[in-house]
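One structure is given below, encoded as structure tokens.
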Amino acid sequence: MDAAENPVKFTGIKISRPKTRAAGMPAVVSSMQHILEEMNVFRGMKALLKLNQKSGFDCPGCAWPDPDDERSPIAEYCENGAKAIAEEATTKRLTGDFFAQNSVKDLGELTDYEIGKKGRIAEPVYLAPGATHYTPISWEEAYRLIASQLKGLRSPDEAIFYTSGRTSNEAAFLYQLMVREFGTNNLPDCSNMCHESSGVALSAAVGIGKGSVTLEDVHEAEVIMIMGQNPGTNHPRMLTALQKAKNNGAFIISVNPLPETGLISFLNPQTVKGLLNIPTPLTDLFLQVRINGDLALLKALAILLLEEETKKPGTVFDHDFISNNTKGYVEYIEHLRSLNPDELVKICGVPLHQLKEAARTLAGKKKIITCWAMGLTQHKNAVDTIREVVNILLLKGSIGIKGAGVCPVRGHSNVQGDRTMGIYEKPSAVFLDKLDTVFKIRSPRRHGYDTVEAIRAMHEGKAKVFMAMGGNFLSATPDTNYTAQALRNCDLTVHVSTKLNRSHLVHGRSALILPCLGRSDRDIVNGEEQFVSCENSMGVVQSSKGNLHPISSHLKSEPVIICELAMTLFGNNSPIPWNSYRQHYDYIREAIAQVIPGFEDYNKKVRRPGGFYLPNGAREGRFNTYSGKSNFNIAGVSYSAIGENEYLMMTIRSHDQFNTTIYGLNDRYRGVYNERRVIFMNKEDVKANGFKGGEIVDLFNFQDGVTRVAEGFIVIPYDIPVGCTATYFPETNVLVPVNSVADQSNTPVSKSVIIQIRRSAVKQQ
Ligand SMILES: Nc1nc2c(c(=O)[nH]1)N[C@H]1C(S)=C(S)[C@@H](COP(=O)(O)OP(=O)(O)OC[C@H]3O[C@@H](n4cnc5c(=O)[nH]c(N)nc54)[C@H](O)[C@@H]3O)O[C@H]1N2
Ligand SMILES: Nc1nc2c(c(=O)[nH]1)N[C@H]1C(S)=C(S)[C@@H](COP(=O)(O)OP(=O)(O)OC[C@H]3O[C@@H](n4cnc5c(=O)[nH]c(N)nc54)[C@H](O)[C@@H]3O)O[C@H]1N2
Ligand code: SF4
Ligand SMILES: [Mo]
């Protein structure tokens with residue numbers, strides 16, 4: 001075990017029954033506790049009162065949209081939004097003294113939770129080759145170091161520029177511009193590990209790699225299917241939207257291996273009823289699918305719909321829509337007829353009578369929305385599964401009309417905007433041509449590395465400099481020890497970050513940490529307050545203006561850092577006016593308006609309260625595909641081959657984390673307190689192995705002839721299908737093989753990791 005992994009430290013587990021109601025008063029209490037641990041009440045309230053307000057700042061948590069119209073003036077956020085603020089706006093500071101007292105090795109022995117609680121990085125620091133401690137460095141010197149390493153490379157393709165999804169539109173646009181002026185498309189991002197499968201599937205199926213619905217559509221839907229998503233924890237305000245839909249008569253079908261609390265029922269803390277413990281039941285039909293049984297499940301539903309349609313032609317399928325707007329219908333129906341329904345039912349693990357109920361509901365309705373997240377995207381056949389989601393909506397004509405459509409629920413608050421701004425390793429020629437014309441540069445046409453390819457390139461010595469605009473590359477990526485070696489092979493690793501994380505501690509020959517402003521921080525340039533902008537999961541672009549006093553005068557904003565680095569890197573030779581972008585962000589938005597469709601008049605539109613919607617063909621029933629129509633997809637159903645003594649493991653989020661940032665040690669809804677090193681197992685599997693609840697086990701993966709071990713996990717018998725298990729990410733990323741990726745999207749398969757489970761020698765203290 002070394003610094004790359006979380007050390008095995010048990011924290012004193014307590015278990016209770018899983019909750020059956022989400023949010024309510026406990027959520028309000030938890031929000032305040034997290035805020036008060038990190039700052040005084042005045043700073044906390046100052047931030048919370050501006051969180052998600054039209055004149056305030058965008059929540060740094062998830063990408064769920066804010067209401068277009070009325071917003072609560074006191075609390076337009078959820079428990080996890082408050083935790084995100086507590087984490088970011090903490091007044092604990094990491095200065096040069098902190099780094100002088102704590103060696104990189106010492107810090108590596110802490111857990112992610114302990115590292116995160118240390119505080120905000122307060123000044124730029126440098127780890128010289130062979131040094132044991134980071135030491136302060138001036139911004140100018142840091143830029144010079146990066147520029148000189150970059151210029152010393154044999155090719156620009158030896159550098160990698162990662163982005164996490166918190167980066168604003170303005171920063172993301174400048175970052176990709178700098179990288180392309182430098183000469184590479186090596187722009188991997190967190191999206192590669194997240195909704196890439198959705199982007200690939202939807203682009204091919206409906207001509208845009210984004211969702212088609214608005215928040216209004218969710219409120220109006222008659223049926224909402226929620227697949228592979230845990231909104232109670234990861235998109236809590238989605239529950240408010242679901243509650244509205246329910247009040248309007250919607251039927252909700254949840255498809256998940258776990259009965260997630262947030263999907264069972266909701267106590268809306270913004271209503272008196274909610275605070276009085278009067279819940280709104282959400283899910284009407286729970287389909288407890290086996291891990292990665294979704295493709296089989298959707299095909300079984302399609303067959304049942306076809307049977308109904310055959311019995312009563314014209315009552316289930318929308319033939320007008322199909323003939324005017326789709327391609328591949330006849331072949332798709334033939335394909336459905338060739339499948340064995342019994343086999344599909346067996347694979348998905350859901351009883352036939354429940355599938356029939358779901359099919360009956362879908363048959364009679366047209367306003368259908370399917371929502372999904374990582375439970376669909378992080379599997380080998382993810383792209384095909386998502387295309388099957390679309391197939392069903394196409395049969396029903398349930399896309400391009402009010403109250404219906406596709407809803408991939410995005411993760412990071414601006415992950416969708418970053419992609420719109422050109423953070424992409426496979427940019428289109430049209431986009432690059434435009435950059436070249438507007439900026440008089442020659443962008444590289446060779447596609448760059450995505451996240452998994454970037455790891456391999458560094459491992460193989462093909463890439464030497466790694467720079468990250470946010471994120472925690474080491475811990476978020478698969479195969480932790482392989483990735484650690486990849487980072488260690490670099491000459492220089494650079495992180496623009498707000499908080500300390502493990503990627504700072506597993507580094508190249510030399511390393512830099514550059515501290516930046518967060519969403520909640522006031523950003524003043526030349527005496528004038530600046531704002532940035534973000535795009536949420538439903539394609540609304542809004543301004544975001546922090547209001548807190550930054551914890552240190554050494555912090556710079558991401559756009560300023562990029563401009564200053566570009567000015568050092570390119571000197572006076574650049575045709576791009578980096579210095580003016582540095583002076584006022586309106587200039588950046590003017591540049592964006594010239595390049596990216598939908599951003600015309602950006603500076604004006606973004607100043608409208610509530611922002612503006614980007615164009616979205618699929619939303620209006622226009623399909624911008626090669627065929628000009630939406631496309632059915634035909635895919636075989638593959639079955640994860642599990643051997644004797646093997647289990648499928650999904651790596652999921654607890655209620656107290658944001659990706660690799662660990663807010664706390666509780667997973668309140670699942671009834672687990674004060675511990676993260678746990679594995680949820682079906683009680684039959686626990687028994688069959690001769691284990692007991694509370695027993696400690698080690699987890700193994702042996703793919704590609706490599707032995708991967710994650711030691712010390714406490715067994716929790718849980719309501720999960722036989723053969724399926726769940727653990728928290730990132731503790732078990734060490735088990736996810738780097739070569740185990742989704743077809744077409746190259747997304748790491750972190751929801752169906754094949755593991756073996758053995759009794760451990762590790763003892764609980
Ligand atoms: N508080 C908080 N909010 C977050 C985040 C966070 O970490 N914390 N992360 C943000 C990010 S970047 C993202 S991408 C999203 C993630 O949001 P989610 O996708 O909700 O996050 P996960 O915890 O990965 O949950 C996946 C869900 O899918 C289910 N699942 C797993 N495998 C399968 C399967 O094979 N089939 C089906 N049908 N279900 C399956 C799991 O049981 C779980 O309910 O949340 C965003 N919001
Ligand atoms: N096994 C497994 N692995 C997964 C997943 C999974 O479900 N299972 N999910 C995947 C998904 S969906 C995602 S999106 C990735 C997430 O991958 P990343 O985006 O790389 O990881 P995060 O944990 O979100 O990054 C947190 C760090 O971002 C920095 N940060 C926070 N705010 C800011 C800011 O405003 N600016 C800057 N510059 N830095 C900031 C802080 O230093 C913090 O430590 O992980 C993926 N990895
Ligand atoms: S739902 Fe997401 S964006 Fe909204 S307040 Fe909660 S964490 Fe923030
Ligand atoms: Mo994500």
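Every number for a ligand or one of its atoms is a count from 1 in the order of the listing. Numbering of residues begins at 1 and proceeds along the displayed sequence.
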Would you say N230 has any N or O atom under 3.5 Å from an N or O of ligand 1, going by distance alone?
->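 Yes.
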Does Y663 reach ligand 1 with a nitrogen or oxygen that is under 3.5 Å from one of the ligand's nitrogen or oxygen atoms?
->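 No; the residue has no nitrogen or oxygen that sits under 3.5 Å from a nitrogen or oxygen of the ligand.
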Number the atoms of ligand 2 from 1 as they appear, then name those within less than 4.0 Å of a heavy atom of [X], with their elements.
X	answer
Q378	5 (C), 6 (C), 7 (O), 9 (N), 10 (C), 12 (S)
M374	12 (S)
N501	27 (C), 42 (O), 43 (C), 44 (O)

Would you kindly specify which portion of H655 sits under 4.0 Å from ligand 1, judged on non-hydrogen atoms: side chain, backbone, both or neither?
->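 The answer is neither; H655 stays 4.0 Å or more away.
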Measure centre to centre between the rings of Y585 and F531, then say whether the value is under 6.0 Å.
->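 Centroid distance Y585-F531: not below 6.0 Å, so no.
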Face-on cation placement of R166 at F658 ring, 6.0 Å and 45° thresholds |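 Flagged: R166 positioned over aromatic ring of F658.
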Have a look at S752, G411, P721 and point out the one with the heavy atom closest to atom 11 (C) of ligand 1.
->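 It is G411 that holds the nearest heavy atom.
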How about D743 and N381: does a side-chain donor come under 3.5 Å of a side-chain acceptor?
->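 Side chains of D743 and N381: no pair found under 3.5 Å.
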With the threshold set at under 4.0 angstrom, would you say [X] reaches ligand 2 through any of its heavy atoms?
X	value
H495	no
P60	no
R653	yes

Protein heavy atom at shortest distance from atom 38 (N) of ligand 2 |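 For this ligand atom, the closest protein heavy atom is E558 OE2, 2.7 Å.
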Determine whether S654 and I662 make a side-chain contact, defined as any pair of heavy atoms from C-beta on separated by less than 4.5 Å.
->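 No. Closest side-chain heavy atoms not under 4.5 Å.
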